[in-house]
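The structure appears below as structure tokens.
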Amino acid sequence: MTKRIPPTARPIVVGVDGSTGSPAAVTWGLQAAGRYGTSLTLVHALGLPDYHLGAVPPTDELLHKVRVRGETILREMTARLDDPVVGTRLSDEPAASALIEASRDARLVVLGSTEHSRFSALFGGSVTTALAGHARCPVVSVRGRTWDLPGARQRPVVAGIDGSAAAEAALVAAFTEASARDAELIVVHAWEDVSASRSFGDPAGNYGWSAFTESARRMVAEQVAKFADAHPEVTVRQVVVQEEPRQELLRWSVKAQLIVVGSRGRGGFRGLLLGSTGQTLVHRAACPVLIARTGRS
């Protein structure tokens, strides 16, 4: 029976470039489309403007080969799925531009985790970073295989927060994902001595560490309380630790089916996905990473 998709349902958009990360990204995206009752759109970016940057313009033969290869990638990926709710889109633009444009009408934009393709470098960290800063919907970097193994549904969704507006966007997305997956939500706040003053606006030395920890716990509880009533079906566990945030989230990624973070933060998560913490998660997390956006999601 053909699935009926509400006409207002925003699709899951998956960037594909023929690299080894594409199949996992498409599989993850198709599962997400099933959870949310929407369609799946595969996007391949040709990056034709990039071929015109050299002193010698590209030949028509080269541009034709690039386009044929892109069409072949989309056709092969679609054939693997054999699902009537899968559409395709071939864009002449570079990957970041194509996916940012696609994000305007999408529920999620999904990327794989490798960067082997010369044609679009679709899964490179720079594209993910660009999407984290400019996409109009959440962005998912598909990492690891734990999400596709038996027992994956018993793993929790983990949200990293820091008290910022971006953290609230992460919590909204995390509650939504945990509810759709019938999964426990673990909300993690990790902080270091140096980041303490950034998070709470006061030199860390002015706090006794027990008082500081209690203040951090109150912050987490207050942020969680803003959204918990809307999802009474989600079991929430709050974790506050004095630890380097990057390492703490990496440890949780081994146990989680999904890590959710904001596109940027403050304190322990300052510059998330624009600095070292975000790059670490995108390239080293053991599970998919969802980057929430403070705009429409």
Side-chain angles (χ1 to χ4, degrees), residues 12 24 27-37 107-108 110 138-164 166-191 213-214 216-263 265 268-269 272-273 277-278 280-282 284-293 297:
I12 306 296
T27 298
W28 195 97
L30 188 62
Q31 291 178 2
R35 281 192 296 271
Y36 290 110
R107 182 175 189 123
L108 294 172
V110 183
V139 177
V140 176
S141 176
V142 177
R143 296 279 313 162
R145 296 298 304 184
T146 56
W147 55 271
D148 200 28
L149 296 175
R153 290 182 61 87
Q154 280 67 58
R155 292 171 175 261
V157 171
V158 175
I161 73 167
D162 63 359
S164 67
E168 293 196 356
L171 275 174
V172 170
F175 268 105
T176 300
E177 289 292 328
S179 177
R181 299 160 183 270
D182 193 25
E184 179 187 20
L185 172 59
I186 298 177
V187 179
V188 177
H189 174 69
W191 50 274
T213 300
E214 183 57 33
R217 287 174 177 160
R218 284 198 302 271
M219 178 275 292
V220 172
E222 289 170 0
Q223 280 208 311
V224 169
K226 292 180 181 180
F227 309 103
D229 287 347
H231 293 282
E233 75 283 2
V234 176
T235 299
V236 182
R237 177 152 51 110
Q238 300 173 31
V239 176
V240 175
V241 293
Q242 184 179 355
E243 180 57 83
E244 203 277 324
R246 174 174 45 192
Q247 296 304 319
E248 183 67 12
L249 285 180
L250 284 175
R251 279 192 287 270
W252 276 106
S253 76
V254 176
K255 310 171 189 176
Q257 59 174 295
L258 181 70
I259 295 282
V260 182
V261 292
S263 58
F269 293 96
L272 197 58
L273 287 192
T277 300
T280 298
L281 289 171
V282 168
R284 291 176 54 197
C287 71
V289 179
L290 186 151
I291 307 153
R293 298 282 300 132
S297 60

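In what follows, every heavy atom counts, from backbone to side chain, and hydrogens, waters and symmetry copies are set aside.
Taking all atoms of both residues into account, the shortest heavy-atom contact from Ala256 to Thr146 is O-OG1, 3.8 Å. Taking every heavy atom of both residues into account, Pro288 and Gln257 meet most closely at CD-O, 3.6 Å. The two atoms that bring Arg107 and Ile12 nearest to each other are CB-CD1, 4.1 Å, heavy atoms only. Considering all non-hydrogen atoms of both residues, Ala178 and Val234 come closest at CB-CG1, 3.9 Å. For the residue pair Lys255 and Pro156, the shortest heavy atom distance occurs at O-CD, 3.3 Å. Of all heavy-atom pairs spanning Val157 and Ala183, the tightest one is CG2-CB, 4.3 Å.
One finds a salt bridge joining Arg181 and Glu177 here, because a Lys/Arg side-chain nitrogen approaches an Asp/Glu carboxylate oxygen to under 4.0 Å.
Residues satisfying the salt bridge (charged side-chain N to carboxylate O under 4.0 Å, His left out) criterion with Asp182, sequence neighbours excluded, are absent altogether. Applying the side-chain contact (heavy atoms from CB on, under 4.5 Å) test to Gln223 and every residue at least two apart in sequence or in another chain returns Ile161, Ala167, Glu168, Leu171, Met219. Residues satisfying the side-chain contact (heavy atoms from CB on, under 4.5 Å) criterion with Ala170, sequence neighbours excluded, are Val260, Ala292. Considering only residues two or more places apart in sequence or on other chains, Ala180 meets the side-chain contact (heavy atoms from CB on, under 4.5 Å) condition with Arg35, Tyr36. Checked against side-chain contact (heavy atoms from CB on, under 4.5 Å), Val241 has the following partners two or more places apart in sequence or in another chain: Ala190, Val239, Glu243, Glu248. Here Ser179 pairs with Glu233 under the side chain to side chain donor-acceptor pair (under 3.5 Å) rule; sequence neighbours left out. Evaluation of the side chain to side chain donor-acceptor pair (under 3.5 Å) rule for Gln247 yields no partner, not counting sequence neighbours. In this structure Glu184 satisfies the side chain to side chain donor-acceptor pair (under 3.5 Å) test together with Arg237, sequence neighbours excluded.
In this structure, the side chains of Trp191 and Pro245 stay at 4.5 Å or more apart for every pair of heavy atoms. In this structure, the side chains of Ile291 and Val140 stay at 4.5 Å or more apart for every pair of heavy atoms. Two residues are said to be in side-chain contact when any heavy atoms from C-beta on lie closer than 4.5 Å; Val187 and Val236 meet this criterion.
Distance check, rounded to the nearest 0.5 Å: CG of Leu250 to CD1 of Ile259 gives 8.5 Å. Here Leu258 contributes atom CG and Leu290 contributes atom CG; the two are 5.5 Å apart, rounded to the nearest 0.5 Å.
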Determine whether Leu185 and Thr235 satisfy the following criterion, side-chain contact (heavy atoms from CB on, under 4.5 Å), listing intermediate values before the conclusion. CA-CA 6 Å; Leu185 172 59; Thr235 299; over 6 Å; no
Evaluate the criterion side-chain contact (heavy atoms from CB on, under 4.5 Å) for residue pair Gln31 and Asp148; output intermediate values, then yes/no. CA-CA 10 Å; Gln31 291 178 2; Asp148 200 28; 3.3 Å; yes
Given the rule in the side-chain contact (heavy atoms from CB on, under 4.5 Å) test, do Val142 and Trp147 qualify, once you have shown the distances and angles that lead to the verdict? CA-CA 9 Å; Val142 177; Trp147 55 271; 3.8 Å; yes
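Within the 3.5 Å criterion, the main-chain N or O of Ala286 finds a donor-acceptor partner in the side chain of Ser253.
Residue pairs meeting the ring-ring contact (aromatic ring centres under 6.0 Å, His included) criterion with at least one partner in residues 227-246, sequence neighbours excluded, are Phe175-His231. Legend: ring-ring contact (aromatic ring centres under 6.0 Å, His included) pairs involving residues 235-263, not counting sequence neighbours: none detected. Residue pairs meeting the side chain to side chain donor-acceptor pair (under 3.5 Å) criterion with at least one partner in residues 149-161, sequence neighbours excluded, are absent.
Side-chain contact, Arg217 with Gln238: no donor N or O sits under 3.5 Å from an acceptor N or O.
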